[in-house]
Colleague: 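Below is one structure. I have some questions about it.
Predicted, not measured: the structure shown is a model, and the values here were computed from it. Keep in mind that the numbers below use all heavy atoms, side chains included, and drop hydrogens, waters and symmetry copies. As the structure lists them, so they are numbered: ligands from 1, and atoms in each ligand from 1.
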Amino acid sequence: MARRLTFAALVRLLMAAVFVHSLSPARAFVDAAGAQEKPHHLHLYMHEGDTGPNPSAVVVVNGTGPTVKGSGGHGRFGETLVMDDPLTEGPGPASRVLGRAQGFYVTATSAGAADPAVLLSMNVLLTGGIYNGSTLTVQGRNAVLLPVRELSVVGGTGRFRMARGYVLMKTASWHGGDAVLELDIFVHA
Ligand SMILES: *[C@@H]1O[C@H](CO)[C@@H](O)[C@H](O)[C@H]1NC(C)=O
Ligand SMILES: *[C@@H]1O[C@H](CO)[C@@H](O)[C@H](O)[C@H]1NC(C)=O
């Protein structure tokens, strides 16, 4: 009995502590400031080509089984592609370069999947203006057939130290092994 009372008292104490904490003006101030803080918005195009004499993407591991639906005859389960793609201001190949997307894709759905997806993991290195030298680390599920894919920004460096956010990715154009992807990156840092 004494033990039960002690436990109940402990629960009451804990609840009181949580209540006081949620009322504390310092905490409220932090929450309000967090909510008002506007994210950085970066709009970039990522140019990927695994054809031609100077490809920006290379298959390093072959997949297995039949080609995954919607992969443009490319991806088989487990196929791994490493990329070092230019990031530009506009969709054209001659557009101003603002950074690079360096990382890899792994085809992470098996051949029968109705919703083919790759695991995308990459560092976005920015080379222009105030962001020069800063990076963002992006990771997520790229369900290639969806018109808009959402990926996570899991961290960053430099101007983006402690970053958190997300990327909305669209396919701007796609011909064989060459694709241009449109990225809208929203980050708090
Ligand atoms: C993957 O397999 C294809 C077809 O079997 C072959 O042409 C290609 O060279 C292989 N690539 C690698 C990286 O092993
Ligand atoms: C970015 O930083 C590098 C290395 O610090 C420097 O060489 C380059 O000129 C800078 N670029 C811009 C556009 O500021």
Colleague: Less than 3.5 Å apart, any donor N or O on the side chain of Asn123 or Gln102 sitting next to an acceptor on the other?
Modeller: no

Colleague: Is the shortest distance from atom 1 (C) of ligand 2 to a protein heavy atom below 4.0 Å?
Modeller: yes

Colleague: Not counting sequence neighbours, list each pair that qualifies as a side-chain hydrogen bond (donor to acceptor under 3.5 Å, both in side chains) and has a residue in residues 152-162.
Modeller: Thr135-Thr157

Colleague: Looking at the rings of His43 and Tyr45, which for Trp means the six-membered one, are their centres under 6.0 Å apart?
Modeller: yes

Colleague: For atom 3 (C) of ligand 2, what's the nearest protein heavy-atom neighbour? Residue, atom name and distance, please.
Modeller: Asn132 ND2, 3.6 Å

Colleague: What do you think, any protein heavy atom under 4.0 angstrom from atom 14 (O) of ligand 2?
Modeller: yes

Colleague: Which residue pairs satisfy the side-chain hydrogen bond (donor to acceptor under 3.5 Å, both in side chains) criterion with at least one member in residues 108-118, sequence neighbours excluded?
Modeller: Asp115-Arg141

Colleague: Determine if the distance from atom 11 (N) of ligand 2 to the closest protein heavy atom is below 4.0 Å.
Modeller: yes

Colleague: Against heavy atoms of Thr127, which atoms of ligand 2 measure under 4.0 Å?
Modeller: 11 (N), 12 (C), 13 (C)

Colleague: Look at Asp85 together with Arg100 and state whether they make a salt bridge at an N to O cut-off of under 4.0 Å.
Modeller: no

